[in-house]
Amino acid sequence: MKPVIPIDKSEILKRYKPIYAKTHKGIQGHALIIGGSYGKIGAVTLSSRACLKTGCGLVTVFIPRCGYKIVQSAYPEVMVLTDISVKYITRIVFDFVPQAIGIGPGIGQDIETHTALHRFVKTNEIPLVIDADALNILSQNKQWMSFLPEKTILTPHQKELERLIGKWDSDAEKIEKTIAFSKQNNLVIVMKGAPTKIFDGDTIYENTTGNAALATAGTGDVLTGMITSLLAQSYEPIDAAIIGVYLHGLTADIALPETGYQAFLASDSIDHIGKAYLSLG
Ligand SMILES: NC(=O)C1=CN([C@@H]2O[C@H](COP(=O)(O)OP(=O)(O)OC[C@H]3O[C@@H](n4cnc5c(N)ncnc54)[C@H](OP(=O)(O)O)[C@@H]3O)[C@@H](O)[C@H]2O)[C@@H](O)CC1
Ligand SMILES: Nc1ncnc2c1ncn2[C@@H]1O[C@H](COP(=O)(O)OP(=O)(O)O)[C@@H](O)[C@H]1O
Ligand SMILES: [Mg+2]
């Protein structure tokens, strides 16, 4: 097996592109975050905020109607498109071309959402990040994997990974199965955990930032927004995954002296994205 590559500052600086002074929001990329269902609008709200804070120029969310006022009141910077259904997503339609799409946070598993996801993946060619319940739906419909754009980024936590690749008996078997899954489907797999590992076929990266403060609701939704933002800013999928995971962990390392482990919230991660970027120099 190839040696695992640590994701540290030197690895990030090889890939990070500082902002061009004459850029404008049109060049910075327009990201679309699709997710949310009744009771889980918070997930997509966090994700869209993290997406904007990571530097893309415009962010639109596609959510069920029950989330309209929630997102608009929480973050006026985020634009909102709604499904015809009130409580969950039934048909994904949008009238612009985003540079990247993140799908899944809080989306739920209603049968109509399965159908909407199927229709979406059959036609979508835009760079994609898939998380949370969209991963769970995909796990139940593995034949849809062939529709995904090459190097689509999947961000499973351990349970979601198990649903995708099946159970394992040892860490070594988990790694082997994840490599095989990444190769077979030409996907980038962000295996979330402590530490998070990223698989691009048999090339494996391991993050060096982050701490147990991240063990709190919504931090994965924040990560999805951050990676989608980087993808919308024209980073290659593997670079978006690596930089996103590193900065996300760094937000918790920087916040820790202020919040301690217990009082850290996913919103604190978003609030520290600026300092994480500044630490890159
Ligand atoms: N504010 C909101 O709107 C929020 C909305 N959210 C949305 O909720 C939806 C469901 O997402 P979810 O991840 O909570 O449910 P699910 O996939 O069943 O996993 C839970 C089980 O998996 C396991 N497990 C998890 N992590 C693990 C690990 N590192 N290592 C090992 N095991 C791990 C653990 O299983 P156990 O160990 O208990 O067997 C746990 O019980 C999704 O759409 C999401 O976006 C959330 O983001 C929260 C904030
Ligand atoms: N003990 C830990 N150390 C480092 N990172 C952690 C730890 N626990 C959780 N995380 C990180 O927090 C995030 C949790 O994601 P996820 O389980 O999808 O949460 P949610 O669905 O609530 O948003 C992942 O990025 C994971 O790597
Ligand atoms: Mg999650």
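Counting convention: from 1, in listed order, for ligands and their atoms alike.
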Any protein heavy atom under 4.0 Å from [atom]?
{"atom": "atom 18 (O) of ligand 1", "answer": "yes"}
{"atom": "atom 37 (O) of ligand 1", "answer": "no"}
{"atom": "atom 14 (O) of ligand 1", "answer": "no"}
{"atom": "atom 11 (O) of ligand 1", "answer": "no"}
{"atom": "atom 34 (C) of ligand 1", "answer": "no"}
{"atom": "atom 40 (C) of ligand 1", "answer": "no"}

For ligand 1, does [X] get within less than 4.0 Å through its side chain, its backbone, both, or neither, judged by non-hydrogen atoms?
{"X": "Asp221", "value": "side chain"}
{"X": "Ala132", "value": "side chain"}
{"X": "His157", "value": "side chain"}

(request) Just need the protein heavy atom nearest to atom 45 (O) of ligand 1, so name the residue and atom and give the distance. (result) Gly106 N, 2.9 Å
(request) Identify the protein heavy atom lying closest to atom 43 (O) of ligand 1, giving its residue, its atom name and the separation to 0.1 Å. (result) Asp133 OD2, 2.9 Å
(message) Can you check which of Gln158, Glu162, Glu160 brings a heavy atom nearest to atom 32 (N) of ligand 1?
(response) Gln158
(request) Check each of Lys159, Met191, Arg163, Gln109 against atom 16 (P) of ligand 1 and report the one with the nearest heavy atom. (result) Arg163
(message) Please report whether ligand 1 has a polar contact with Ala43, defined as an N or O pair separated by less than 3.5 Å (distance criterion only).
(response) yes
(request) Taking only Lys NZ, Arg NE, NH1 and NH2, and the carboxylate oxygens of Asp or Glu, determine whether Asp131 and Lys192 approach each other closer than 4.0 Å. (result) yes
(request) Check ring pair (Phe, Tyr, Trp, His ring centres under 6.0 Å) between Tyr261 and all other residues, then give those that pass, not counting sequence neighbours. (result) none
(request) With rounding to the nearest 0.5 Å, note down the distance linking CG in Asn141 to CZ in Phe147. (result) 10.0 Å
(request) Could you tell me if any non-hydrogen atom of Gly220 lies under 4.0 Å from any atom of ligand 1? (result) no
(request) With a 4.0 angstrom cut-off on heavy atoms, strictly below it, pick out the residues next to ligand 2 and order them by chain and number. (result) His157, Lys192, Gly193, Ala194, Thr196, Asn211, Ala212, Leu214, Ala215, Ala217, Gly218, Thr219, Gly220, Asp221, Leu223, His248
(message) Enumerate the side-chain hydrogen bond (donor to acceptor under 3.5 Å, both in side chains) contacts for residues 46-64, please, sequence neighbours excluded, ordered by first and then second residue.
(response) His30-Thr60
(message) I'd like to know whether CD of Gln158 has more than 12 heavy-atom contacts from other residues, nucleotides or ligands below 6.0 angstrom.
(response) yes
(request) Describe, in one word, how the ring planes of Trp144 and His118 are oriented to each other, choosing from parallel (under 30°), tilted (30 to 60°) and perpendicular (over 60°). (result) parallel
(message) I'd like to check the side chain to side chain donor-acceptor pair (under 3.5 Å) partners of Gln140; sequence neighbours left out, ordered by chain and number.
(response) Gln109
